[in-house]
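One structure is given below, encoded as structure tokens.
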Protein chains: 2
Amino acid sequence: MDPNLVRTFMTVARLGSFSAAAAELGYTQSAVSQQIATLEADLGTPLLSRRPVAPTGAGERRLQHAGPLLLRIRAARADVRRVAAAPAHRLTLAAGPLALGPAVAARLARARVRLPRLTVTVRACAAGEAARLVAGGEAELGLVAGIAAPSDPLRLPDVGPLTATGAEEEPLVVALPDGHPLAGRAGLRLADLVDARWLRTPLCPLERLRDLAGDGFRAGLHYTGDDLRTVTSLVAAGHGLTLLPASAAPGVPLLAPRLVHRVELVHGALPPGPAADLAAALAPS
Amino acid sequence: MDPNLVRTFMTVARLGSFSAAAAELGYTQSAVSQQIATLEADLGTPLLSRRPVAPTGAGERRLQHAGPLLLRIRAARADVRRVAAAPAHRLTLAAGPLALGPAVAARLARARVRLPRLTVTVRACAAGEAARLVAGGEAELGLVAGIAAPSDPLRLPDVGPLTATGAEEEPLVVALPDGHPLAGRAGLRLADLVDARWLRTPLCPLERLRDLAGDGFRAGLHYTGDDLRTVTSLVAAGHGLTLLPASAAPGVPLLAPRLVHRVELVHGALPPGPAADLAAALAPS
DNA sequence: TCGTCTTACGAGAAGCGTAAGAATT
DNA sequence: AATTCTTACGCTTCTCGTAAGACGA
């Protein structure tokens, strides 16, 4: 239905209050009440329980759909506007944590020499957000990093027709605490480390490890940020192991190369122009 | 924006005419003209060229988004209604071609004995449509078949939060023409057959083969249907090779088991009831 | 000149805000 | 009694249909 109603519903569910949602969205409480009533009438089932305001079962389910749905709508708008827009001389490159490695950085430098009139802004973003920023039109290009089998594509969130090209692959290393018995070894295998405790961090998601290398990988400390220094300190202090791209952690045992750190460049429709030139330079295919 | 405008745009683009679209949708030409104008004003760019009526570049791009977008909207509606609906005693099982093999059929039979009050309709559908039917609410359960590496999940079209469970895996065989030199062999490898001509049919998509086993696999005759008898006849007459699940083509050389025929059961939210019971019986996890 | 899309204008419907009412704490 | 959601009602805005206009073939 009307995306505005969905947005209102999300806001009410998030704030747990009709009046607060109305204030945030610039409506009156009455309008919000009517909008929710419209949604519920359309679906033929209540989405929110009142007093206290909380989503019902059906409402929970509707909420799960809401985010991806609104994103797709924004993505469609952004994508079309991009096709129609004149070639711009400023562009934003969204980069997730660990996504901008030495190879890409070097290519970016060379490309900027070749394209002197192009102003590039690199925008840091959380893990998994780069693709969403590109889809939503807030960035022209995005760099997404992840762990994958060599030359396998990453699993990107589905946000519409984005093009993804491999931009960089480098070996993974296992960050180990100081004095760990395996620290001296040249090549480690994941199989030797399934029973260890692993840091939970967006930089090296445990679920991804389990997907790629089987169960195990017990969870250690949970760190929700993406600061590399913090991660290496936590590992050194023994809070858990983690995988890092080799260039980010020199002098650490390499992981036997069944898995690599892979970076992909994602973008939507790119009309010929500086943006397309930069994309070609960053991810030579 | 408004899904109705998108639907109108799709219709106009498909029919190449404002008046024809108006007739089909029950609007006047004027209304269609205004709706298209609204869409174009919203995006700030023309979507259709007039005389003749055909999509512009931006319009083409918008069309690519339109189908998935409307599907997701329908999926959200259907999913929520399913959660809220009372447990039903009739349900539809959508089955793509080659999806309902002997193991699933046997489980279905046993389940129907255990659930005598449940009326099941098996609805045949084109390859790749089963997931869409389930997402759109036209079927409660869906069976999707495809070629995959053993115990690897299939790649399903993204249509929202569907649950997929492996239901059956069986060996693949290579269907060869009569008197083919390799027909006597017990086990074949795909690598031996990359240079052969392969039937293009939805039952065994060439792109999927190339994805899984490298380039090659030259295209032979294109058959757009999914009739098994037709396929075997075409193969026998030498129009090209194809892969089939072993149970569908007895007495044919087995493919060395790097790839299997895999069937998955997909469904949306299933409140406790007969539908959930049947799902559990069809895909024991 | 005919067919087709666009624009102008009036009627109806839909949505929002104000304000009063109901329900829960 | 106070807070919060719902409902009633008037007003504005939007959308559709009719009808006239513009543009090509």
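Being a predicted model, the structure only gives us computed values, none of them experimental. Heavy-atom basis, side chains included; hydrogens, waters and symmetry copies ignored.
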Taken to the nearest whole Å, OH/A:Y27 to P/C:dT18 is 14 Å
Check the distance between C:dA14's C1' and A:D2's CG and give it to me in whole angstrom.
11 Å
Is there a donor-acceptor contact under 3.5 Å from the side chain of B:T165 to the main chain of B:A283?
no
Measure from the side-chain N and O atoms of B:S49 to the backbone N and O of B:A54, and report whether any donor-acceptor pair falls under 3.5 Å.
yes
Without decimals, in angstroms, what is the distance between B:F18 CZ and D:dC16 C1'?
16 Å
Are any side-chain N or O atoms of B:E140 and backbone N or O atoms of B:R90, one a donor and one an acceptor, separated by less than 3.5 Å?
no
If the threshold is 4.0 Å, N to carboxylate O, is there a salt bridge linking A:D211 and A:R155?
yes
Would you say the side-chain atoms of B:E40 pair up with the backbone N or O of B:L47, donor to acceptor, closer than 3.5 Å?
yes
Atom CG of A:L15 and atom C1' of D:dC5: how far apart are they, to the nearest Å?
15 Å
Ignoring hydrogens and geometry beyond distance, is the side chain of A:R51 in donor-acceptor contact with the base of C:dT25 at under 3.5 Å?
no
Remember a base hit wins even if backbone is also touched, and classify B:S19 as base, sugar-phosphate or nothing at under 4.0 Å, heavy atoms.
sugar-phosphate
Between the side chain of A:T45 and the main-chain N/O of B:A84, is any donor-acceptor distance below 3.5 Å?
no
Heavy atoms within less than 4.0 Å of DNA chain D: which residues of residues 29-42 of chain A have one? Give them sorted by number.
A:S30, A:S33
